[in-house]
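First up is the structure itself, then whatever we jot down about it.
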Amino acid sequence: MFNLAIIGLGNWGERLVESVQGKSETVRFTHAVSRDPSRLAGFAGTHGIAVSADYDAVLADPALNGVVVAGAGHLHAAQGTAAAAAGKHVLVIKPFANYRKDAEALCEAARKSDVLAALGYDRCFSPAVAALRERIGELGRIIHAEGDFCVDRYRGYKAGDWKTSLESNPPGSLADHMLYTMIELMGPIATLSAQGMTQVVTEDFVDSSTVMMRFASGASGSLTAIGVTPTFHRLHLFGSEGWAEIRGNTRLEIHPRQGKAEILELAPTDMLKAELETFAAAAAGTGHWPGSMEGAIAGVAALEAMRDSAKSGLPVVL
């Protein structure tokens, strides 16, 4: 059994725990870290998790195999680096870091300790993304990619929430699921330009944004990120031999340049359970993590460029 600790046991952290605790044959949570352990006592007790305010002491436990970092985004890099430096495999739920230099430091710590540092985002394990990975070669050379991530959740945010901060959540980062998949399949981004707007919310933060990108491969790309409209998730890749479009998590449509189009309606899966079990297997050397540390760094570099472009109003060379 692969033993995990989690730091950042909020709503998302609880969902991660509940996806595997008592359900997985390969991974479980044994520790949680919080500045206020009493706050987690009920949930942790229900799931047999020991809670501590002492992160260093938890990292020193020889029975602990890995750490899931799932709290406020601006803390991820430091917490992940501490885990890697202590010789623990670390799954950093997005964002991996806010700045490229911090992402590079985290990965360097992982390399020195010979452990896995992985960027975690659940749609990496959606059935549609898994199917696209298998068939990406059918599209030929990828010429252009489009990603849309639209939700209606920003109306409930208040100015000052870390999710509304330009530093932690730059314009375009709401569509980071699509961004990370593009980077995995197409490589790093060379230049980008981001524009953020406030159109519906009454407080002073961006609720809609667009990003134009050029990949190092020469392909172009765009992201649309809106936080005040009904849910719409889409990733579309255009290639020299065909195009493919993902809608939601289970629908993949493929149109070859020659031959018949296909629409795949795939069975849903527990993406959080798949994420944690894949991480455990990859860390143990019995499985493969779909992303790379270089890809995680490239994703952070893109987020940092979005921030810089939104501030300056100019394109940024990565």
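In this structure, Leu132 and Ile246 have side chains that are in contact, with non-hydrogen atoms separated by less than 4.5 Å. Looking only at side-chain heavy atoms (C-beta outward), Arg153 and Thr231 stay at 4.5 Å or farther from each other. You'll find the side chain of His31 stays beyond 4.5 Å of the side chain of Ser52, heavy atoms only. Between Leu223 and Met213 the shortest side-chain heavy-atom distance falls below 4.5 Å. With a 4.5 Å cut-off on side-chain heavy atoms, Thr181 and Met178 do not count as touching. Put simply, the side chain of Arg135 reaches to within 4.5 Å of the side chain of Leu264, judged on heavy atoms. Counting heavy atoms from C-beta on, the side chains of Cys124 and Arg133 come closer than 4.5 Å. Using a 4.5 Å heavy-atom cutoff, the side chains of Leu192 and Met212 are not in contact.
Formation of a donor-acceptor pair under 3.5 Å by the Asp207 side chain with backbone atoms of Gly227 is not found in this model. A donor-acceptor distance shorter than 3.5 angstrom exists from the side chain of Ser173 to the backbone of Pro170, with no hydrogens or angles considered. Between the side chain of Thr278 and the main chain of Ala274, a donor-acceptor pair closer than 3.5 Å is present. Side-chain N or O atoms of Arg307 include one that pairs as donor or acceptor with a backbone N or O of Asn98 at under 3.5 Å. Between the side chain of Thr224 and the backbone N or O of Thr210, no donor-acceptor pair lies under 3.5 Å. Thr198 places a side-chain N or O within donor-acceptor distance of the main-chain N or O of Phe205, the cut-off being under 3.5 Å. Side chain of Tyr99 to main chain of Glu304: no donor-acceptor pair is present (N/O by atom type, distance under 3.5 Å, no hydrogens or angles). Although no hydrogens or angles enter the test, the distance criterion places no donor-acceptor pair under 3.5 Å between the side chain of Thr269 and the main chain of Met271.
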Does the salt bridge (charged side-chain N to carboxylate O under 4.0 Å, His left out) test come out yes or no for Arg15 and Glu275, once each step is laid out? CA-CA 12 Å; Arg15 289 180 62 182; Glu275 179 180 26; over 6 Å; no
Would Glu203 and Tyr157 satisfy side chain to side chain contact (heavy atoms under 4.5 Å, CB included), going step by step from the backbone distance to the final call? CA-CA 9 Å; Glu203 306 224 29; Tyr157 291 165; over 6 Å; no
Could you walk me through whether Glu265 and Arg251 pass the salt bridge (charged side-chain N to carboxylate O under 4.0 Å, His left out) test, one step at a time? CA-CA 5 Å; Glu265 298 288 354; Arg251 185 182 190 276; 3.4 Å; yes
Derivation of the side chain to side chain contact (heavy atoms under 4.5 Å, CB included) call for Ser309 and Leu314: CA-CA 5 Å; Ser309 178; Leu314 299 172; 5.8 Å; no
Yes or no on side chain to side chain contact (heavy atoms under 4.5 Å, CB included) for Ile6 and Val67, after CA distance, side-chain angles and deciding distance? CA-CA 6 Å; Ile6 186 166; Val67 176; over 6 Å; no
Tell me, with the steps shown, if Lys23 and Glu18 meet salt bridge (charged side-chain N to carboxylate O under 4.0 Å, His left out). CA-CA 8 Å; Lys23 302 173 185 176; Glu18 290 172 340; over 6 Å; no
Give the C-alpha distance, both sets of side-chain angles, the deciding distance and a yes or no for side chain to side chain contact (heavy atoms under 4.5 Å, CB included) between Ile142 and Leu185. CA-CA 9 Å; Ile142 304 302; Leu185 298 176; over 6 Å; no
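Val200 and Ile226 fall within a single hydrophobic cluster, where Ile, Leu, Val, Met, Phe, Trp and Tyr are joined by side-chain heavy atoms under 4.5 Å apart, directly or via other members. Leu179 and Leu318 fall within a single hydrophobic cluster, where Ile, Leu, Val, Met, Phe, Trp and Tyr are joined by side-chain heavy atoms under 4.5 Å apart, directly or via other members. Both Phe29 and Val51 belong to a common hydrophobic cluster when Ile, Leu, Val, Met, Phe, Trp and Tyr are linked at side-chain heavy-atom distances under 4.5 angstrom. Note on Val20: it does not cluster hydrophobically with Ile7, by side-chain heavy-atom contacts below 4.5 Å among ILVMFWY residues. If you chain together hydrophobic residues whose side chains sit under 4.5 Å apart, Leu272 and Val90 never meet in one group.
Summarising the geometry, atom CD1 belonging to Ile297 is positioned 8.5 Å from atom CG belonging to Leu106; distances are rounded to the nearest 0.5 Å. With rounding to the nearest 0.5 angstrom, the CZ atom of Arg28 is 8.5 Å from the CD atom of Gln21. With values rounded to the nearest 0.5 angstrom, Leu59 atom CG is found 7.5 Å from Lys88 atom NZ. Between atom CD1 of residue Ile189 and atom OG of residue Ser220 there is a gap of 11.5 Å, rounded to the nearest 0.5 Å. In this structure, the separation between OG on Ser34 and CG on Asp54 is 12.5 Å, given to the nearest 0.5 Å. Distance check: Leu64 CG to Leu4 CG gives 7.0 Å after rounding to the nearest 0.5 Å.
Relative orientation of the His177 and Phe149 rings is parallel, given thresholds of 30° and 60° on the angle between their planes. Between Trp289 and Phe279, the angle of the ring planes goes over 60°, which puts this pair in the perpendicular group of the 30/60° scheme. Using a 30° and 60° split on the angle between ring planes, His47 and Phe43 fall in the tilted class, from 30° to 60°.
Glu241 approaches Glu138 most closely through the heavy-atom pair CB-O, 3.6 Å. Smallest separation of non-hydrogen atoms from Ile183 and Gly295: CG2-O, 4.0 Å. Across Gly196 and Ser209, no two heavy atoms sit closer than the pair CA-CB, 3.9 Å. Contact record, Gly120 with Leu91: CA-CD1, 3.6 Å, taken as the closest heavy-atom pair. Heavy atoms only, all atoms of each residue included: Leu276 and Ser19 are closest at CD1-OG, 3.5 Å. Among all heavy-atom pairs drawn from Thr26 and Met1, the shortest one is C-SD, 3.3 Å.
Summarising the local packing, CZ of Arg111 is surrounded by more than 12 heavy atoms from other residues, nucleotides or ligands at distances under 6.0 Å.
No hydrogens or angles considered: nothing links the side chains of Glu146 and Ser222 as a donor-acceptor pair under 3.5 Å. For the residue pair His233 and Arg123, a side-chain donor N or O sits within less than 3.5 Å of a side-chain acceptor on the partner. Checked by atom type, the side-chain pair Ser38/Asp36 shows a donor-acceptor distance below 3.5 Å. Residues Thr30 and Asn3 have side chains that never bring a donor and an acceptor to within less than 3.5 angstrom of each other.
In this structure, Trp12 has its ring center no closer than 6.0 Å to that of Tyr121. Close placement of the Phe238 and His236 rings is indicated, their centers lying within 6.0 Å of each other. Note: Phe96 and His76 fail the aromatic proximity criterion, with ring centroids not under 6.0 Å apart.
A search for ring-ring contact (aromatic ring centres under 6.0 Å, His included) contacts involving Phe215 returns nothing, not counting sequence neighbours.
Ionic pairing of Asp152 and Arg155 is present here: one or more N-O contacts between side-chain nitrogen and carboxylate oxygen are shorter than 4.0 angstrom. Look at Arg247 and Glu253 and you find no salt bridge, because none of the NZ, NE, NH1 or NH2 atoms lies under 4.0 Å from a carboxylate O.
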